[in-house]
Amino acid sequence: MSANLQTKAITAEDIRARKGKEPIVSLTAYTTPMATLMDEACDFVLVGDSVGMVLHGLPSTLGVTMEMMILHGQAVARGLSRALMVIDMPFGSYEEGPAQAFHNAARLMRETGAGAVKLEGGVEMGETIRFLVKRGIPVMAHIGLTPQSVNTLGGYKVQGRDAGADAVIADARAVAEAGAFAVVLEKVPQALADRITSDIAIPTIGIGASAGCDGQVLVVDDMLGMFTAFKPKFVKRYADLGQAAKAAIETYAAEVRARSFPAPEHVFADAPATKD
Ligand code: KIV
């Protein structure tokens, strides 16, 4: 299937230019209807590899494939006309080196129409980020808690406490110097997030970081109460759509069993008096 390669109204360079200005708003999306709902309110929409856990029931993001990202990226692209679409590079699609990363980033952009890719890692990804940016691929970096490294980090822990702060600062400087247009800071102490935000020249996008970041991102199913397997501390539930859906499904089931659905207004007469 060919992607809609139309440039969205907001570009990666627009996001970079928002450093220190009005906060940047972002959510994840994986489907056309959800992307449509957030296109007006969000500056960028992230097709996150969280899709693996949120929509496919995987235990982590490690099982997410290029094909899954492309399918969801194509769906999200159909719902956006304004917000920048950023797409995650899945685990195993970029870590071997710049050439592998370019091959897969170009495929993600070509087949989905995304305006930028996101990849996880700091100092160790500097060379790869520089290679991609120099060849026309805008890169959003992701440091602090990097979920694709859950097995070497020993779990989904806060990163950068005490002596660990220097490493996160070094990561932030490395990705900024390599040419990333923005960097996600996940699950780092508030004071460290504030320090990095004032230290580097590109926007910081917080998730479990600080209100002082240049922008925020959340997983949409978390903030709408649709993914309830667990709730990280940094998630604020803005709605309880999961409960509302469960209640609606239970009411439907009861009405079917009671033969009260479908009602007269849901069925068709032999000869309609008005248009069906
Ligand atoms: O995959 C994702 O949803 C993400 C956000 C949590 C930043 O990377």
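Ligands are counted one by one from 1 in listed order, and the atoms in each one are counted from 1 as well. Side-chain atoms are counted along with the backbone in the values below, which use heavy atoms only and exclude waters and symmetry mates.
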If you measure from the Lys or Arg side-chain nitrogens to the Asp or Glu carboxylate oxygens, is any gap between Arg82 and Asp43 under 4.0 Å?
yes
Q. Are any non-hydrogen side-chain atoms of Ile143 and Leu185 less than 4.5 angstrom apart?
A. yes
Close residues (non-hydrogen atom under 4.0 angstrom from ligand 1) work out to Thr28, Leu46, Gly48, Asp49, Ser50, Asp88, Lys118, His142, Ile207, Val217, Val219
Exercise for review: State whether a side-chain donor-acceptor pair under 3.5 Å links Asp194 with Thr197.
Suggested key: no
Between Glu127 and Arg130, is the closest basic N to carboxylate O distance under 4.0 Å?
no
Legend entry - Test of ring centre spacing under 6.0 Å for Phe230 and Phe227: yes
Answer yes when Lys19 and Asp214 have at least one side-chain N-carboxylate O distance shorter than 4.0 Å, and no when they do not. yes
